[in-house]
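Since this is a predicted model, take the numbers as computed values, not measurements. Order of the sequence lines fixes the chain letters, A, B, ..., with proteins taken first and strands second; residue numbering starts at 1 for each chain.
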Number of protein chains: 4
Amino acid sequence: MVIILHQHIHEDDKSRLRNYLQDHGYRVKEIIGEEETIFGAVGPAVLDIRDVEVQPGVQRVIPISKPYKLASRELKQQDTVVSIGSVRIGGGRIALIAGPCSVESREQIMETARTVRDAGAVMLRGGAYKPRTSPYSFQGLGSEGLKYLREAGDAYGLPVVSEIVSPQHVDDMLAFVDMFQIGARNMQNFELLKAVGQTGMPVLLKRGLSARIEEWLMAAEYLMAHGTDNVVLCERGIRTFETYTRNSLDLSSIPVVKKLSHLPVIVDPSHATGIRENVMPMAMAGVSAGADGLMVEVHPDPDHAKSDGAQSLYPQQFEKLARDIEALCPVLHRELE
Amino acid sequence: MVIILHQHIHEDDKSRLRNYLQDHGYRVKEIIGEEETIFGAVGPAVLDIRDVEVQPGVQRVIPISKPYKLASRELKQQDTVVSIGSVRIGGGRIALIAGPCSVESREQIMETARTVRDAGAVMLRGGAYKPRTSPYSFQGLGSEGLKYLREAGDAYGLPVVSEIVSPQHVDDMLAFVDMFQIGARNMQNFELLKAVGQTGMPVLLKRGLSARIEEWLMAAEYLMAHGTDNVVLCERGIRTFETYTRNSLDLSSIPVVKKLSHLPVIVDPSHATGIRENVMPMAMAGVSAGADGLMVEVHPDPDHAKSDGAQSLYPQQFEKLARDIEALCPVLHRELE
Amino acid sequence: MVIILHQHIHEDDKSRLRNYLQDHGYRVKEIIGEEETIFGAVGPAVLDIRDVEVQPGVQRVIPISKPYKLASRELKQQDTVVSIGSVRIGGGRIALIAGPCSVESREQIMETARTVRDAGAVMLRGGAYKPRTSPYSFQGLGSEGLKYLREAGDAYGLPVVSEIVSPQHVDDMLAFVDMFQIGARNMQNFELLKAVGQTGMPVLLKRGLSARIEEWLMAAEYLMAHGTDNVVLCERGIRTFETYTRNSLDLSSIPVVKKLSHLPVIVDPSHATGIRENVMPMAMAGVSAGADGLMVEVHPDPDHAKSDGAQSLYPQQFEKLARDIEALCPVLHRELE
Amino acid sequence: MVIILHQHIHEDDKSRLRNYLQDHGYRVKEIIGEEETIFGAVGPAVLDIRDVEVQPGVQRVIPISKPYKLASRELKQQDTVVSIGSVRIGGGRIALIAGPCSVESREQIMETARTVRDAGAVMLRGGAYKPRTSPYSFQGLGSEGLKYLREAGDAYGLPVVSEIVSPQHVDDMLAFVDMFQIGARNMQNFELLKAVGQTGMPVLLKRGLSARIEEWLMAAEYLMAHGTDNVVLCERGIRTFETYTRNSLDLSSIPVVKKLSHLPVIVDPSHATGIRENVMPMAMAGVSAGADGLMVEVHPDPDHAKSDGAQSLYPQQFEKLARDIEALCPVLHRELE
């Protein structure tokens with residue numbers, strides 16, 4: 001860490017600070033400038049930087065080590081490719097994950113699975129436990145929904161992903177899903193991260209609404225520190241002052257994350273925009289920005305969907321999107337999974 | 001809801017829309033202006049507004065019913081006073097809740113309890129399960145910490161509040177705490193809200209880092225819809241573009257919330273600012289803005305705290321703060337609990 | 001406007017409110033629901049909605065007319081194509097504008113002009129008056145810079161655009177530029193908007209760092225109401241809580257703006273990201289999201305640039321970008337200007 | 001500045017970087033840790049940190065010198081007290097500035113001046129040139145308004161402050177005002193800052209809607225570097241994701257600014273909240289947080305105000321507020337100016 005001292009720090013405070021740091025295992029070097037003096041302290045990263053910041057004579061402390069290790073590009077130079085059954089995410093391919101917001105019935109998910117597979121999707125999504133902002137909204141079919149999802153995935157050869165909302169559901173869901181999804185509102189539900197990480201299963205980790213990139217990678221670190229190597233990050237829009245769009249899809253996070261981390265990153269243009277007509281341009285933009293795939297909501301009959309109908313594509317819209325992405329791939333020197 | 005139609009909407013689309021709304025139980029009135037035509041639709045609030053928004057000829061839809069009911073001032077005109085043992089929060093009194101970030105040992109929590117009680121606190125706080133952004137940080141003493149907290153509360157006649165981070169901990173914690181705390185990062189952990197709401201116990205509900213006031217009240221609605229009447233809201237700062245402060249304490253939320261809801265609101269200046277020296281002015285400001293109390297971190301030896309030492313007050317600082325709040329009360333025509 | 005009344009509004013207050021609105025020329029219709037009563041008021045938009053909001057018995061007021069007219073899609077259904085000399089922006093073409101952050105010397109701008117024209121740019125940018133956050137930073141060459149810019153544009157057949165920072169510079173700049181640029185920090189400098197609008201010249205209007213889409217269009221309205229028809233909007237990133245990127249490029253604004261307004265929109269990936277290596281992916285993403293062009297900073301020798309060197313592309317990088325955009329156009333059914 | 005190097009930086013790159021920094025006048029010290037190596041470079045602050053950031057082998061650069069000097073607490077330890085006529089702002093006193101949003105007529109401003117003086121205000125505010133988001137809104141009386149304002153100030157012995165919106169108005173306004181106000185939307189209108197700074201007059205500098213504290217102080221630095229010593233900062237709310245309040249009044253900025261700078265800081269609760277009923281609690285909160293004064297909008301007849309009526313206090317409300325602030329002062333060990 002770098003410690004900027006007050007211009008007029010007492011010599012006593014300075015040596016007390018040096019001892020304090022050395023006692024915690026840091027090596028300290030002093031740099032005296034015309035306007036400021038700084039301590040460079042390298043060591044075991046055991047101190048909360050704010051604890052150093054409140055020491056007498058200290059003006060500001062700047063951390064320099066990244067708090068995440070397992071998720072970092074330093075640890076692993078080459079891109080991680082996450083395998084979910086026969087599907088691989090990362091490493092230059094573009095993977096399309098599609099399906100309804102919620103599993104609503106056996107028929108609905110079977111029909112969707114067939115449609116999206118035919119159009120080019122390689123994985124099937126569908127919510128069974130739905131985190132809804134209102135306690136009065138449809139909360140999902142629960143384990144019945146998982147059963148239908150599994151059946152549809154098996155019928156059409158698509159691995160399935162579904163959101164988990166409580167550590168208590170881990171065992172139940174393990175029997176049905178190929179990949180767990182952690183939703184944006186649970187990105188810092190650390191007990192959930194621990195429980196899901198311990199399964200060793202692949203995880204799709206959505207970025208929280210107000211999560212800085214570093215916090216997102218720290219959530220991935222939680223999963224990895226508890227036992228999973230296979231984490232796919234998913235950008236789905238952040239909360240800003242703009243009110244016309246539901247969220248602001250932060251595509252500039254993609255090149256940044258790909259530099260900081262070896263993990264693959266996909267984009268969810270459906271939740272990001274909340275409105276069907278904006279899903280298509282933002283899907284194209286996401287892949288152009290460097291994403292390793294897309295997760296898109298598709299419903300056979302969006303007008304009667306039980307949740308998120310407005311942002312669900314009609315089947316023929318998804319077919320068009322898949323064709324457009326296919327045409328885009330060679331321009332970006334990438335290929336469809 | 002109010003539906004703004006496109007200027008050049010086809011008559012067919014208009015009557016289709018009217019039927020669609022009526023089929024869902026809405027009464028519809030049309031208002032024709034020079035520049036725009038609107039439909040006013042009042043009814044059972046069963047439609048997602050976005051589903052109306054994607055109908056042909058619709059420009060924009062504006063919800064008018066509040067999505068929360070039990071938490072709203074409309075339902076209950078008089079202020080709710082939440083009782084936790086002999087302590088009452090709300091209704092004109094100012095309640096001081098104090099204690100360390102984490103329970104670290106029996107001695108530490110006993111000493112803190114004595115100190116804060118002598119200074120004027122009426123409740124004791126202390127974390128046993130700590131949600132930490134890094135998997136490598138101290139995660140709390142768990143149920144051992146709860147035991148010490150209970151003991152300290154009993155020894156000094158202070159009801160105790162502690163944060164719950166997983167539905168799996170409900171039973172265990174019920175034996176030890178007088179009030180559950182839901183932390184900012186779990187404000188939309190709906191499974192946790194359901195589980196805690198079902199206990200019927202008093203709950204301290206922190207505002208999420210990026211939660212709009214309406215979402216905060218919806219989280220309270222979750223608790224209330226599942227069985228608790230006793231919810232105390234806690235403003236603790238929101239995430240903004242400002243980087244100099246850890247969070248931006250949004251005190252303007254206080255008069256707004258008190259108008260929209262009958263629930264009491266307190267302020268946590270410790271987490272809001274993250275730095276001890278700013279806790280005092282923001283505590284004073286919070287009470288001046290109309291808060292019903294404060295939750296403040298106090299540690300007998302902040303320099304050796306295992307978490308959040310930098311924002312913990314020294315005991316003598318808390319004594320001074322309590323005296324200042326006492327002097328402030330008559331100016332605001334309020335009194336200390 | 002739609003006025004949501006308090007549930008228990010007095011009849012007196014209701015009729016007073018009705019009269020108040022009618023006195024201001026509004027037609028009022030009442031809609032009585034089970035939970036709420038609303039007034040729909042259509043009329044001349046002369047009242048500040050907050051003035052209605054403070055009337056007794058009013059709970060909330062929702063504006064329904066858009067505050068901008070000239071910039072709106074309602075006024076003009078077809079896309080505006082802005083002509084700057086022989087260059088056209090809008091209407092399906094992709095226009096590349098390129099050049100250095102600042103004009104630094106005659107040689108520098110001549111060399112840049114030649115380079116970017118050869119690579120495919122159709123307009124030349126270059127700052128002469130630089131708005132810098134520090135009073136101690138290089139402030140631009142002023143009118144000398146404009147002269148060099150003009151000369152370079154003429155030499156290579158490229159219309160030129162340069163930022164204006166004060167109404168006092170209008171006359172001076174008129175002799176040199178083909179298009180005025182209004183910078184992000186001046187988007188709500190209304191005196192500047194008036195002065196520039198009165199010239200009738202084409203204007204490139206950058207989005208302010210914290211401007212909502214509606215405010216951005218209102219700034220365009222200012223320009224148009226004072227005499228200019230030719231406004232090109234430019235998305236350049238907004239300020240959010242994220243600190244890893246300089247700004248968050250809000251590409252979801254593009255489909256939204258194109259729906260609300262007939263004006264063309266381009267993207268400035270250089271200022272949005274602030275770092276060269278992120279310019280390329282965000283440029284591709286911007287065009288994929290539907291932008292009508294790009295404005296990119298290019299410098300013959302970025303390592304010695306007097307401002308913004310870190311975000312300026314090397315000439316060969318711009319050549320590659322132009323080729324990639326060219327390859328992208330057919331996928332999007334668009335063509336290069 | 002502190003330069004964090006890539007773990008695997010080539011020795012060539014390292015020595016090239018060292019030379020590059022030394023050539024620009026920096027002294028460089030290397031600190032080798034287990035996980036990272038850093039360069040500490042102290043020197044003349046001539047390099048844009050991003051120019052260092054793009055050098056090969058560099059991971060990140062952290063500036064350590066503050067970019068503002070004249071506004072900093074380091075330069076001047078004791079609080080600045082700004083004198084405007086006989087009024088002093090700063091140094092422990094609480095100054096009340098009051099008046100209408102806009103000067104609307106001679107009668108209106110005369111009546112307001114008398115009212116606010118009687119209640120305890122020490123300065124009169126009133127807008128003559130109004131920056132309005134809509135080109136179709138009332139834009140102020142211009143120099144006629146300034147004349148009335150001057151007259152009212154003289155009649156009741158109150159120095160006057162009014163907003164300046166263009167460098168072209170400096171000379172005209174100099175004859176009428178005792179203090180210039182720079183509005184939030186012009187906080188980074190650098191040409192305006194230069195022109196106003198050169199007058200040497202006292203300036204009230206509002207914080208921009210999305211200005212970080214450091215940028216606010218940089219705007220003060222612009223004024224001071226061009227000739228004014230007398231700058232009063234004014235917090236008036238920032239733009240956040242919250243939509244229920246017009247802005248989020250960031251009172252935590254007050255203790256921070258008072259630590260970083262010697263300049264006085266006041267609060268404008270009227271623009272911050274936008275609604276009359278929230279002005280009073282936020283005014284109390286602002287003073288409790290440590291502000292040196294308040295600027296409050298008061299109108300003799302808010303229901304007929306030409307701008308911002310909804311946020312203007314009735315005269316009797318201002319009287320009550322002034323009495324409450326008076327009662328608050330001794331609790332805070334401060335006194336009314």
Side-chain angles (χ1 to χ4, degrees), chain C residues 45 48-55 67-69 129-137 139 165-169 185-195 197 208-212 214-215 218-219 221-226 238-239 241 246 274-277 302-303 305 307-311, chain D residues 45 48-55 67-69 129-137 139 165-169 184-195 197 208-212 215 218-219 221-226 238-239 241 246 274-277 302-303 305 307-311:
Chain C
D48 182 335
I49 65 152
R50 287 181 297 144
D51 286 329
V52 183
E53 213 152 42
V54 293
Q55 301 298 319
Y68 48 91
K69 308 289 172 203
Y129 298 98
K130 299 300 303 171
R132 304 302 298 274
T133 46
S134 167
Y136 313 121
S137 297
Q139 309 268 323
V165 294
S166 171
Q168 292 169 313
H169 298 161
R185 283 173 181 75
N186 280 315
M187 193 203 83
Q188 291 194 317
N189 180 343
F190 302 115
E191 298 303 311
L192 186 62
L193 295 175
K194 290 177 195 171
L209 270 77
S210 62
R212 296 210 176 104
E214 190 171 285
E215 293 166 324
M218 281 306 286
E221 187 82 7
Y222 250 99
L223 289 165
M224 298 173 90
H226 283 86
I238 57 174
R239 176 153 286 180
F241 61 81
R246 206 183 181 194
I275 280 286
R276 188 180 300 138
E277 65 186 351
D303 301 334
S307 59
D308 279 353
Q311 74 194 29
Chain D
D48 182 335
I49 67 151
R50 288 181 297 145
D51 286 329
V52 183
E53 215 151 45
V54 293
Q55 300 299 319
Y68 49 90
K69 306 290 172 203
Y129 297 99
K130 299 301 303 172
R132 304 301 299 272
T133 47
S134 167
Y136 311 122
S137 300
Q139 310 268 322
V165 295
S166 171
Q168 292 168 316
H169 298 162
R185 283 174 181 75
N186 279 316
M187 194 203 82
Q188 291 194 317
N189 180 344
F190 302 115
E191 298 304 309
L192 186 62
L193 295 175
K194 289 177 195 173
L209 270 77
S210 62
R212 296 210 175 104
E215 292 166 326
M218 281 307 284
E221 187 82 6
Y222 250 99
L223 290 165
M224 298 174 90
H226 283 85
I238 56 173
R239 176 152 284 182
F241 60 80
R246 204 184 183 195
I275 279 286
R276 189 179 302 137
E277 65 186 351
D303 300 334
S307 59
D308 280 353
Q311 73 194 29

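Partners of Pro302(C) by side-chain contact (heavy atoms from CB on, under 4.5 Å), not counting sequence neighbours, listed by chain and number: Arg276(C), His299(C), Ser312(C), Tyr314(C). Remark: Tyr68(C) pairs with no residue by the ring pair (Phe, Tyr, Trp, His ring centres under 6.0 Å) rule, at least two apart or across chains.
Interface check for chain C: of the options Ser134(D), Ser166(D), Ala225(D), the most heavy-atom pairs under 4.5 Å are formed by Ser134(D). Ranked by heavy-atom pairs under 4.5 Å with chain C, the first of Leu192(D), Ile275(D), Asp308(D), Asp303(D) is Asp308(D). By number of non-hydrogen pairs under 4.5 angstrom with chain D, the leading residue of Phe241(C), Phe190(C), Tyr129(C), Tyr222(C) is Tyr222(C). By number of non-hydrogen pairs under 4.5 angstrom with chain D, the leading residue of Met218(C), Arg239(C), Glu277(C) is Arg239(C). With chain D as partner, the option from Gly208(C), Ser137(C), Ala219(C), Gly274(C) having the largest number of non-hydrogen pairs under 4.5 angstrom is Gly274(C). Contacts with chain D were tallied for Met187(C), Glu53(C), Gln55(C), Glu191(C); Glu191(C) has the most, counting heavy-atom pairs under 4.5 Å. When Leu193(C), Thr133(C), Val165(C), Val52(C) are compared by the number of non-hydrogen pairs under 4.5 Å with chain D, Thr133(C) comes out ahead.
Glu221(D) places a side-chain N or O within 3.5 Å of a backbone atom of Lys69(D) that can act as its donor or acceptor partner. Side chain of Gln311(C) to main chain of Gly309(C): no donor-acceptor pair is present (N/O by atom type, distance under 3.5 Å, no hydrogens or angles).
With rounding to the nearest 0.5 angstrom, the OG atom of Ser307(D) is 5.0 Å from the NZ atom of Lys130(D).
With a 4.5 Å cut-off on non-hydrogen atoms, Arg185(C) touches chain D through its backbone and its side chain both. Using a 4.5 Å cut-off between heavy atoms, Ala211(D) contacts chain C through its backbone alone, with no side-chain atom that close. For Gln168(C), the parts lying near chain D are the backbone and the side chain together; criterion is any non-hydrogen pair under 4.5 Å. In this structure, chain D has heavy atoms under 4.5 Å from both the backbone and the side chain of Arg212(C). Looking at Asn186(C), only its side chain comes within 4.5 Å of chain D, counting heavy atoms on both sides. Heavy atoms of Pro167(C) lying under 4.5 Å from chain D belong to its backbone as well as its side chain.
Closest approach of Glu215(D) and Ser210(D) over heavy atoms only: OE1-O, 3.9 Å.
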